[in-house]
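In what follows, a single structure is set out as structure tokens and then discussed.
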Number of protein chains: 2
Amino acid sequence: MPVTMREVALQAGVSIKTVSRVVNDQGEISDLTRERVLIAIDNLGYRPSKVARALVTRRTDTIGLIFGDIANPYLSEVSLGVLDTAANEKFEVFICNTGGIPESEKRALTSLLDHNIDGAIIFPLYANRIWIQEIAQPDQPIVLMNCDIVPRPGLGLIATEMRKGARLAVDYLAKKGHRNIGMLAGEVAPKNVIQRVQGYRDGLELNGIKYRDELVLNVGTVIESGKIGTQQLLAQHPEISALFCYNDLIAMGAIEACKKLGRRVPDDCAIVGFDNIRFSSLVSPAITTVHVDKYEIGRQASNRLVDMLRNPGAIYPPIIVDVELIIRESA
Amino acid sequence: MPVTMREVALQAGVSIKTVSRVVNDQGEISDLTRERVLIAIDNLGYRPSKVARALVTRRTDTIGLIFGDIANPYLSEVSLGVLDTAANEKFEVFICNTGGIPESEKRALTSLLDHNIDGAIIFPLYANRIWIQEIAQPDQPIVLMNCDIVPRPGLGLIATEMRKGARLAVDYLAKKGHRNIGMLAGEVAPKNVIQRVQGYRDGLELNGIKYRDELVLNVGTVIESGKIGTQQLLAQHPEISALFCYNDLIAMGAIEACKKLGRRVPDDCAIVGFDNIRFSSLVSPAITTVHVDKYEIGRQASNRLVDMLRNPGAIYPPIIVDVELIIRESA
DNA sequence: AGCGTTGTCGTCAGCGATGACGTTATCGTT
DNA sequence: AACGATAACGTCATCGCTGACGACAACGCT
């Protein structure tokens, strides 16, 4: 049903190949012929099929972006960085949301790749090198964010100083006199969670506080998880006077829970978040948190991917983005 | 470089067509042959090329979702509804972000369609029937959200009672005694803005208040726009005692601005938002707003698109989603 | 024995485009 | 006048896969 090159060629009275040349601006074409073809294209409303083209060129000028939760403002901001940069470089971006399901993370990459996208940026929850290599061809570069996989050709890395950030936060709480510091830690498996827990331990150790496993609770990563997690943790360990949260959403949930429990924040329970999403300065109390330059992470990831696309085979060192503690009202 | 059917066929000692039959589970195949093919597929790590398949079948089991701002929680929640429902129906979803650029809205749909996606859901800012028909073939169904285009085969509609919502909000403010009610109204052109302005006028009229054009300010749709818009509007019209905002993000900006200007909310300036995003109950003061069931909108849109896909040529009536005023602290 | 049926495959063309290479006319050069 | 270079096209095979159709053996039935 769609208009094909054949029809354009017919109407313009030239060969299909000539139409292709005009469309792709390649080879030598006389002005007259070009004009005729252009008119035919316009008349018929012809649009080249990217699918057919992709079949032979193996390029689509489209990249994929895969992450776990579109409703997470942290990821939105990262995405903004990716999108702006990609648009500048004339790449289309297709976004896939995995909903945090490991299975789905794999499916998303597969699907994108099977659609012949040129490369992908993944904010992995469960991705590991093994299955990425299984799915992606060496000439399909992948950039991983917040992940400690060793770089190799076709694999790019953008990491955040998450461990340091967690240490800064916990150290701050400890210096304020808190000795019983709980942590609401997101899921169990993902590397970014593990790193933040590591930083939490670093912070405790730095202040001579013994790490207690039972003060770390793995909940989800959304507001509700923070709410439920806080209720649970404070019920089991009322001695907790401060909470370090995996992210600001959890911190918001924690604040809600404290309000409900009659615990004043920060006096009865100090709360520190992570990411510094836009909303964390607006809630009450404003959240003390670890700032991450999310847009920059996206920008770097996108740039790196484009570099890899233009420069196949090259191997790039990881990019590491720094963090900073922002003190507000909640701790 | 990727493994093709040919290689699988070679290794299994059968024809390409037979491999195709196994992969697609069609036709009669003996168990023995199927087994051999399956083993070859597994050995070689073969994955069918969706591109090649799409070229001939014109189906990819993938739909597109197009909207303006991935960082807008309203859209995230709608997306969640779309994604869950589509996943249930075994459709992959590719999301495109237009950044609110009219040009880009067109490009996104074109790109998706040229990749042979089966259909698309658009949260249009500038889309109109003309160019949608120009771009989409009749057999590529499109569902439009919050848009007043007349339904026709291939075009589905999900609308929200936006005008009513705005009326409810403004009526509430007027009944509280406010006579100088300003509006921060997002962009100029989009239909959803126009409808909310209409509702704003309805609300005024209902209470015998004259509409004044200069009290309506077109700003952007993000927090910063609300901040700037409020400063500007209150500077020019200090008599304003209440602000109706196009969405909750703007309302948040308005609250920030009021704090900065030393205006107490709601005493010195009442503020009502729209959408009831999750964060609006968390900020301080909690935002009085018009509740919209965002997830449901996404769910309905996705369902409708799937229906249209399975039922080509049918014509569906628009779905209209109701709204509700939620009273909190800001007004 | 002859014939239709059914189960299992294979052949061939074509989806819409592009890359590699071939062809033709024209022109300048020695 | 003969020849190579160049501009401006055209031909053909191919990308990986599927639909339409055909082939052939085994089987049952009259």
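The figures here come from the full heavy-atom set of this structure, side chains too, leaving out hydrogens, waters and symmetry mates. So you know, we letter chains A, B, ... as the sequences are listed, proteins then strands, and number each from 1. Note that the structure is a prediction, hence the values are computed from the model and not measured.
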ask   = Closest nucleotide of DNA chain D for Leu55(B) versus for Lys17(B): which of these residues is on the 5' side?
value = Leu55(B)

request  = Could you tell me whether the phosphate oxygens of dC9(C), OP1 or OP2, come under 4.0 Å of any side-chain nitrogen or oxygen in Ser30(B)?
outcome  = yes

query = Distance check: side-chain N/O of Gln26(B) vs OP1/OP2 of dT18(D), anything under 4.0 Å?
reply = no

key: Angle by which the axis turns from one end of the helix from dA1(C)-dT30(D) to dT30(C)-dA1(D) to the other, five pairs per end, to 10 degrees   = 60°

inquiry  = Taking the nucleotide of DNA chain C with the nearest heavy atom to each, does Val14(B) or Val19(A) sit closer to the 5' end?
reply    = Val14(B)

key: Any side-chain heavy-atom pair of Val78(A) and Leu65(A) under 4.5 Å   = no

inquiry  = From CG of Asn24(B) over to P of dC17(D), roughly how many Å is that when rounded to an integer?
reply    = 10 Å

ask   = Does the side chain of Arg53(B) get closer than 4.0 angstrom to OP1 or OP2 of dC15(C) through an N or O atom?
value = no

query = Once you round it to whole Å, what is the distance between C1' of dG14(C) and CZ of Arg58(B)?
reply = 11 Å

task = Let me know the distance between CD1 of Ile16(A) and C1' of dG16(C), rounded to the nearest Å.
result = 8 Å

key: Donor-acceptor under 3.5 Å (Ser79(A) side chain, Leu75(A) main chain)   = yes

ask   = Does Lys90(A) come within less than 4.0 Å of Asp61(A), counting only side-chain N to carboxylate O?
value = no

task = Examine dC17(D): is either OP1 or OP2 under 4.0 Å from a nitrogen or oxygen in the side chain of Thr57(B)? Give yes or no.
result = no

query = Taking Asn116(B) for the side chain and Ala54(B) for the main chain, is one N or O donor matched with an acceptor at less than 3.5 Å?
reply = yes

query = Can you check the Leu44(B) CG to dG16(D) P distance for me, whole Å?
reply = 14 Å

request  = Among the candidates dC9(C), dC17(D), dT18(D), find the nucleotide nearest to the side-chain atoms of Ser49(B).
outcome  = dC17(D)

task = Kindly point out which of dA17(C), dC9(C), dC15(C) is positioned nearest to the side chain of Arg6(A)?
result = dC15(C)

ask   = Thr33(A) side chain N/O closer than 4.0 Å to the phosphate oxygens (OP1, OP2) of dC9(D)?
value = yes

note = Asn116(A) atom CG is separated from dG16(C) atom P, nearest whole Å, by 17 Å

key: Closest non-hydrogen atom pair, Ile70(A) against Phe67(B)   = CD1-CZ, 4.0 Å

query = Just how far, in rounded Å, is P of dT26(C) from CD of Glu28(A)?
reply = 18 Å

ask   = In whole angstroms, how far is the C1' atom of dG16(C) from the CG atom of Leu113(B)?
value = 16 Å

message = Would you say the ring centers of His115(B) and Phe94(B) fall short of 6.0 Å from each other?
response = no

inquiry  = Main chain of Leu125(B), side chain of Glu105(B): is a donor-acceptor contact present, judged purely on distance under 3.5 Å?
reply    = yes

query = Taking the nucleotide of DNA chain D with the closest heavy atom to each, which residue, Arg21(B) or Val51(B), is nearer the 5' end?
reply = Val51(B)

key: Length of the line joining Met5(B):CE and dC15(C):C1', which is rounded to integer Å   = 15 Å

message = Under 4.0 Å, heavy atoms only, any strand: does Val23(A) hit a base, just the sugar-phosphate, or nothing?
response = nothing

key: Ser15(A) side-chain proximity, nearest of dG10(D), dA17(C), dC17(D)   = dG10(D)

Flag side-chain contact, heavy atom, 4.5 Å: Tyr46(B) against Val37(B) = no

